[in-house]
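Report on one structure; see the data block that follows.
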2 protein chains.
Amino acid sequence: MATLKQVAAHAEVSVQTVSNALNAPHRLRADTLERVNRSIELLNYRPNRNARSLRTSAVELIGYCVPSWPNQTHLVMDQFLHALCAAAERTGRHILLFTAPGGVDGMPTYDDLHARRMVDGFVLSQTETHDPRHGWLKEQDIPFVSFGRVWKETTQPGPWVDVDGAAGSAMAVRHLYESGRRRIAFLGWPKSSGLGEDRVGGWRDACKDLGLPTSGLTVRCREDSIEEGARATARLLDSGRTVDGIVALSDILALGALRELTRRGLTPGHDVGVTGFDDSPLAEVVSPGLTSLRQPMDQIAEELITILTGSSNGSPVERLLRPELVIRGSSAPG
Amino acid sequence: MATLKQVAAHAEVSVQTVSNALNAPHRLRADTLERVNRSIELLNYRPNRNARSLRTSAVELIGYCVPSWPNQTHLVMDQFLHALCAAAERTGRHILLFTAPGGVDGMPTYDDLHARRMVDGFVLSQTETHDPRHGWLKEQDIPFVSFGRVWKETTQPGPWVDVDGAAGSAMAVRHLYESGRRRIAFLGWPKSSGLGEDRVGGWRDACKDLGLPTSGLTVRCREDSIEEGARATARLLDSGRTVDGIVALSDILALGALRELTRRGLTPGHDVGVTGFDDSPLAEVVSPGLTSLRQPMDQIAEELITILTGSSNGSPVERLLRPELVIRGSSAPG
DNA sequence: CGGATTGTTTTTAACGTTCAAAACGTCCGT
DNA sequence: ACGGACGTTTTGAACGTTAAAAACAATCCG
């Protein structure tokens, strides 16, 4: 493996000149630069990243904690990771994966990775309602950016990127409205979930804007499972109120709704329009295909990396992105 | 951030002694060791990984190429990544993610990561039938281990870990047999797929062992989609032969089978037993739940890391692991 | 008592890179 | 012709760690 020294010897210049050829080529005379570059090419030289990092104390690695999966399978994680990875590489960086316990128990792991100079900073995801990580990292002056808001108070420590759930729900409502639905229900989570309240709020506002009823049309599920989605839908339909549209807070709940509708002999997309959230792989795989709100993963990843690696000029950056409605059979005009 | 030097000064020993306290504590006198450890703790010292790597030329990072997702969503990737990460961490290592074009076009990326000393080696997955990566890496003397066989010839370059598809199919057949099925079909892929031939072989052998018919009971799907699975099932049922069991090569195809059966008024699990492969999140989420063959991810990951980081003592290691049958409603006794 | 043996600690020299400053030319204006 | 200014290249020195060898200390044995 060739080193700077060997390249320098071959090109008959000093080591520093070769270094400059790579990092500040404008400083070299044109002919020197060309000669050095020829040697670099000839010897197939690649800078040793460790030596560089040691000197500059920047490792160009970004830590990402892979969610421990028993809780709930993160159905769009592969999309997110691919996007994040690609975005990082566009800036010459890479993603370092690690595992850590949730909550404060995980903080020593974050601290350690940073203290050992294995990462420059972190991308957080799977943010929870009272996520302690943000405040902790901020306190320790460890760079990070969050995918998802903490939903605790209005001012959240550190920069974040998130998808506008309220806008997403509103888009779903408007789409169902345009295909003729007039009594649109919302399938949600308990009030304790910030994300849930964001999305239900969008549904409520959009319904009011369009002059649609909302009273008695909210059902809350205890957990995010198909079974619970089906049960909640059953409760909704048994309540005696007419329903011709269902905006579900997640794809999983939406699948539950589809199942319950089918079980009762109703045709999703024909009798009742259904939409989900996140456009997980499930959405296009079920029958009928599930209309869902896709998170703009590439843009999210791009923003995360830009914020994390950009100059942290004073005020923390906050970016709210709009999801995209992917229309499939479950919301075909009734 | 404390350094060895500062700890040494504080403990009133030489730098090397502190280094030894961490890397070869048995060399120190007990009281010295304790004194040094106290200083380490007090100053909250963490070794700088870059400096260490520079000196030892081992970065303790393992490269893993995140599959580009448009081809087919890797439904169990999050499980795999979590297991791989955890296994790596048990040996003090971490996973570095990167993206690369498929086939030989991606090789410069692998080479570059290794040449810049950003990774010690690679874990390959998503191995394709004529995957060029294994031979190429072997040729360059870049350490790697493959999750999945190349299916090209009997001797494959480098070590690998894989799941025994034939054994898995056989388990599925035997399970269906035990619940009373006697005409068990196989839903597969084109013959060009090594993985496909492995699994169909297991089905055929198991059927022969049990004295069950196989002729005319194989259907091949052009692609791995629900739609194709459903079409193939339709062809199978239309062929006039009785079928009371279906072993599908993938969960996706199995879902297609479930859909087609339901469409025809047949009850999966009651009229026809169905099994899938890989136990993706889909399997437990559909109704009825899909019986499927779970890959032992933790064990796979453990083996991969052990092989990659262990001493490459001559002959390449090859490990074939048995999947585990997860029984759900789709194969309830008929 | 002296040499060998063993156990513990220190010294010296890297690993491959970049920073900061110094050195070397070359050109210019007065 | 001389001092200054600029453009280009080289010279130390350092980043934080570990390998190898040297130094030192204690113990043992004949």
Side-chain angles (χ1 to χ4, degrees), chain A residues 1-40 43-61 92-93 112-120, chain B residues 1-40 43-61 92-93 112-120:
Chain A
M1 204 87 345
T3 70
L4 269 192
K5 211 171 178 177
Q6 290 164 28
V7 176
H10 185 270
E12 297 181 300
V13 291
S14 75
V15 176
Q16 183 62 40
T17 299
V18 183
S19 175
N20 283 335
L22 292 161
N23 302 318
H26 61 272
R27 287 200 199 150
L28 300 206
R29 221 171 46 210
D31 61 329
T32 319
L33 180 57
E34 205 197 335
R35 183 155 43 95
V36 172
N37 279 336
R38 254 203 305 276
S39 297
I40 287 176
L43 299 182
N44 192 25
Y45 167 77
R46 321 288 173 79
N48 180 314
R49 190 61 151 277
N50 289 118
R52 179 175 214 284
S53 292
L54 174 59
R55 189 62 242 252
T56 63
S57 58
V59 286
E60 321 270 69
L61 285 179
R93 271 162 261 252
D112 213 53
L113 284 168
H114 183 255
R116 305 184 117 93
R117 319 257 61 205
M118 300 184 64
V119 301
D120 293 328
Chain B
M1 203 88 346
T3 70
L4 268 192
K5 212 170 178 176
Q6 291 164 28
V7 176
H10 185 270
E12 298 182 301
V13 291
S14 75
V15 176
Q16 182 64 38
T17 300
V18 183
S19 175
N20 283 336
L22 292 160
N23 302 318
H26 60 273
R27 287 199 201 150
L28 300 207
R29 220 171 47 209
D31 61 327
T32 319
L33 180 58
E34 206 198 334
R35 184 156 41 96
V36 171
N37 278 337
R38 253 203 305 276
S39 296
I40 287 176
L43 299 182
N44 193 23
Y45 167 76
R46 323 288 174 78
N48 180 314
R49 191 61 152 275
N50 288 117
R52 178 174 214 285
S53 293
L54 174 60
R55 187 62 242 253
T56 65
S57 57
V59 287
E60 321 270 68
L61 286 179
R93 273 161 259 254
D112 212 52
L113 284 168
H114 183 255
R116 305 185 117 93
R117 318 260 60 207
M118 300 184 64
V119 301
D120 293 328

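Chain A is the first sequence line, chain B the second, and so forth, proteins listed ahead of strands; every chain is numbered from 1. All values below were derived from every heavy atom in this structure, side-chain atoms included, with hydrogens, water molecules and symmetry-related copies excluded.
Contact check, Thr17(B) against dT10(C): a side-chain N or O comes under 4.0 Å of OP1 or OP2. For the OP1/OP2 pair of dT8(D) and a distance below 4.0 Å, the side-chain nitrogens and oxygens of Arg27(A) include no atom meeting the criterion. For Ser19(A) and dT17(C), the shortest distance from a side-chain N or O to OP1 or OP2 is not below 4.0 Å. Remark: Asn23(B) is in phosphate contact with dT18(D), judged by side-chain N or O atoms under 4.0 Å from OP1 or OP2. Taking side-chain N and O atoms only, Thr32(B) has a distance below 4.0 Å to OP1 or OP2 of dT9(C).
The CG atom of Asn20(A) sits 20 Å away from the P atom of dG16(C) (whole-angstrom rounding). Rounding to whole angstrom units, CZ of residue Arg52(B) and C1' of dA19(D) are separated by 12 Å. Taking atom CG of Leu54(A) as the reference point, atom P of dT18(C) lies 11 Å away to the nearest angstrom. Remark: P of dG16(C) and CG of Leu22(A) are 16 Å apart, rounded to the nearest angstrom. In this structure, Glu60(A) atom CD and dT18(C) atom P are separated by 11 Å, rounded to whole Å. Computed from coordinates, the Arg49(A) CZ to dT18(C) P distance equals 11 Å when rounded to whole Å. If you measure from atom CZ of Arg117(B) to atom P of dG16(C), you get 10 Å, rounded to the nearest angstrom. With rounding to whole Å, Arg116(A) atom CZ is found 10 Å from dT17(D) atom P.
Note that the CG atom of Leu113(B) and the CZ atom of Arg49(A) stand 9.0 Å from one another [nearest 0.5 Å]. Taking OG1 of Thr56(A) as the reference point, atom CG of Asn23(A) lies at 9.5 Å (rounded to 0.5 Å). Taken to the nearest 0.5 Å, the NZ atom of Lys5(A) stands 13.0 Å off from the OG atom of Ser14(A).
Side-chain atoms of Val13(B) lie closest to dT10(C) of the nucleotides dT10(D), dT10(C), dT17(D). Closest approach to the Gln16(B) side chain among dG16(C), dT17(D), dA19(D) is made by dA19(D) (side chain taken as heavy atoms from C-beta onward). Proximity note for Leu28(A) (side chain, C-beta onward) versus dT9(D), dT10(D), dT17(D): the nearest is dT9(D). When distances are taken from the side chain of Arg29(B) to each of dT9(C), dT9(D), dG16(D), the shortest belongs to dT9(C).
Comparing Val15(A) and Thr56(B) along DNA chain C, the residue whose closest nucleotide (by nearest heavy atom) sits nearer the 5' end is Thr56(B).
Annotation for Asn50(B) and Arg117(A): closest pair OD1-O, 3.1 Å, computed over non-hydrogen atoms.
Contact annotation: side chain of Arg55(B) to base of dT18(D), donor-acceptor pair present below 3.5 Å.
Partners of Glu12(B) under the salt bridge (charged side-chain N to carboxylate O under 4.0 Å, His left out) rule, at least two apart in sequence or in another chain, do not exist in this structure.
Within the nucleic acid shown, Ser14(B) comes within 4.0 Å of at least one base atom, counting heavy atoms only.
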